[in-house]
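The basis for the numbers below is simple: all heavy atoms, side chains too, and nothing from hydrogens, waters or symmetry mates.
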Amino acid sequence: MSEIRLIPKLNPEQPTTSPTFTAAFFKTYKLIIITFCFSLVNWTEADIVGAYMRSTIHCNSTIPYYPPHSGNWSGSNYCTSKHIVLQQATKLTGQITIVNRILSIVSVLVIGSYIDSIGRKPLIVLSFVGYFVCCSLLYLHTWTTSTTSSTSLLFAATAIAAALSSFPVASKAMAADMTSSRDEKERGLVFTWLALGRGCGTLVGFVGGYFVLRMDLTNYQTVWAIFSILCLVVLCLSQYLLVETLETKKNTKDMEEIEEQSESTSGCSAILKGFQLIRNDAFMMSFIMVCFIATTGFFGSILISSSFLIGKSKGWFYSQAVASLAGVFMPIASLFGYVVSGTLCIRKIGTKGTCMIGLLIIGSGEMVIGFFGPSSPIGFWIGWELVGFGLGCFAPTQNAIISARFQDGDQGKVLSLMMVFISFGVATGASVWNLVLYDSSAVGLAAGIPFFWSGAVIFVAAVLYAVFWKMLL
């Protein structure tokens, strides 16, 4: 079979259109709505599932029982020691995150390899099927928590959602299809709108999670039943609103070439081609390594932040509901970052410059938390908002830099492999920060050590990015 000849890459820094922030919205508003819904479901579930895990912890403790709404409530009716509940739940979160990231990698390599052949929309819908099954299994798990601390069903529920979720890759590929060219700035604006939709969904999700968590529930049956219904509604909405963008691209080509391309770029051949495309681009290989390092440091701190805020040893602490507000205020800061990067930074200094600024701000915020967070809530919140704002500059430009260097027909392959490296970064962060660095009994500056490490790792990523940028471009 003859191979499809690749079209030489355009210079992504050389614009072929004059993109505007408003025009980018009207191109992608339906996808932005679905992205909002995905983040709403994803982050509300993630916010609540942490408290749910704490409620399932069993232990033998001599500490007196404190009821819900009490500052000394452990978070579980089956273990009265807050220290034990936090430590065990944090480790359980880390273990589940590692398993889920591994399954996400498998999902990306298997399911994601078909994004450029069967289309973007089917895999977006499949992601919501995964969440529906996940929440249904969590509902079943609630019937077992009073008699056992078994986590098998808990692992299975979250694993299915991870294994079927190709939404991040499929949605980015669909957004890339909606741009008229491979102009890096236009892609940057489109991905910024996508990030805004994701940020708004995250914000609303954590606000909803706050009102659930402030009830200090000991039984989550109603919660997971409602979530199952919500996932089903969003599934139907995505099926109704979205139009397949890959087919639109295909309709402009000769049918014989379509069949040949589809056969040669599905499954393993698609993944191999993606590796080849990345390997042949020295800057892209270096940039993906930078993203892996930055993801490790960033998600490492994110995964232990709730336990950090709830823990009493450092001298101050929050209830689980107030601690969940961290998930509200970071998206607010990120929204400002998205707007500033979309309306100002990308136009003035380009996507690569905006990406560098984002890395430096995230690293600075982590260091502020490490130094001042253990002694003062104000120190934590200042650092946390800096991290959120930096993320608003880094996340959309990271995606635009990668997307603009490859043809539309290769978006799924390359973005899938990028998601593999991101998943490895999250798994590494969970392995080190949740299982090694976090200590619920740490006092003083020792409580901030995980955030010091996050800041240091992200600054290393920024330095490497600057070196590669100078050497390879």
Side-chain angles (χ1 to χ4, degrees), residues 45-100 134-135 137-159 209 212-225 300 303-324 326 374 430-444 446-447 449-450:
E45 186 260 357
D47 190 24
I48 295 172
V49 81
Y52 178 61
M53 287 182 190
R54 289 191 289 273
S55 74
T56 65
I57 299 298
H58 288 62
C59 75
N60 294 320
S61 175
T62 58
I63 296 176
Y65 173 76
Y66 292 94
H69 305 300
S70 165
N72 292 314
W73 180 51
S74 66
S76 171
N77 277 352
Y78 316 113
C79 180
T80 57
S81 171
K82 189 172 186 178
H83 167 70
I84 293 175
V85 168
L86 280 177
Q87 195 71 38
Q88 290 189 11
T90 303
K91 287 187 176 181
L92 178 61
T93 301
Q95 292 165 352
I96 288 179
T97 301
I98 293 168
V99 172
N100 288 354
C134 169
C135 293
L137 289 177
L138 287 174
Y139 171 76
L140 294 177
H141 184 257
T142 60
W143 292 90
T144 68
T145 54
S146 62
T147 57
T148 177
S149 58
S150 173
T151 57
S152 300
L153 199 56
L154 187 60
F155 270 89
T158 55
V212 174
L213 293 177
R214 71 181 299 191
M215 293 188 287
D216 288 335
L217 297 174
T218 58
N219 187 312
Y220 284 79
Q221 289 176 1
T222 303
V223 171
W224 297 128
L303 289 169
I304 58 98
S305 59
S306 181
S307 297
F308 173 82
L309 293 172
I310 295 173
K312 296 177 61 177
S313 298
K314 62 185 179 297
W316 60 272
F317 67 95
Y318 289 138
S319 67
Q320 64 179 10
V322 176
S324 75
S431 300
V432 177
W433 271 257
N434 284 66
L435 305 183
V436 179
L437 293 178
Y438 175 73
D439 181 3
S440 61
S441 62
V443 298
I449 287 177

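- Leu137 is listed as a side-chain neighbour of Leu140, based on a closest heavy-atom distance under 4.5 Å.
- Closest non-hydrogen pair, Gly444 versus Pro374, comes out as O-CB, 3.1 Å.
- For the atom pair Tyr438 OH and Ile449 CD1, the distance stands at 13.5 Å (nearest 0.5 Å).
- The minimum heavy-atom distance linking Asp47 with Gly209 is given by the pair OD2-CA, 3.5 Å.
- Tested against Ile96 for a side-chain contact (heavy atoms from CB on, under 4.5 Å), the candidates Asn434, Leu154, Val49 yield a single pass: Leu154.
- Looking at every heavy atom in both residues, Arg214 comes nearest to His69 through O-CE1, 3.4 Å.
- Across every non-hydrogen atom of Ser431 and Val436, the tightest pair is O-CG2, 3.8 Å.
- Distance check, rounded to the nearest 0.5 Å: OG1 of Thr97 to CG of Leu435 gives 9.0 Å.
- Panel note: side chain Ser76, backbone Ile57; a donor-acceptor pair is recorded below 3.5 Å.
- The main-chain N or O of Ile304 is never found under 3.5 Å from a side-chain atom of Trp433 such that the two would form a donor-acceptor pair.
- Closest of all the heavy-atom pairs between Leu213 and Ile48 is CD2-CA, 4.4 Å.
- Looking at Gln320 and Ser55, their side chains never come closer than 4.5 Å, going by heavy atoms from C-beta outward.
- Residues Ile310 and Lys82 are in side-chain contact: their nearest non-hydrogen atoms beyond the backbone lie under 4.5 Å apart.
- The side-chain contact (heavy atoms from CB on, under 4.5 Å) test with Ser307 is passed by exactly one of Val85, Asp439, Thr90: Thr90.
- From Asn77, atom CG reaches atom NE2 of His58 across 9.5 Å, with rounding to the nearest 0.5 Å.
- Side-chain N or O atoms of Ser74 include one that pairs as donor or acceptor with a backbone N or O of Cys79 at under 3.5 Å.
- Separation of atoms CG (Leu86) and OG (Ser441) is listed at 11.0 Å; rounding is to 0.5 Å.
- Taken from OH in Tyr78 to OH in Tyr65, the straight-line distance is 10.0 Å, to the nearest 0.5 Å.
- Within the 4.5 Å cutoff, the side chain of His141 has heavy atoms near those of the Tyr52 side chain.
- Summarising the geometry, atom OH belonging to Tyr220 is positioned 10.0 Å from atom OG1 belonging to Thr56; distances are rounded to the nearest 0.5 Å.
- A donor-acceptor contact shorter than 3.5 Å is absent between the side chain of Trp73 and the backbone of Thr80.
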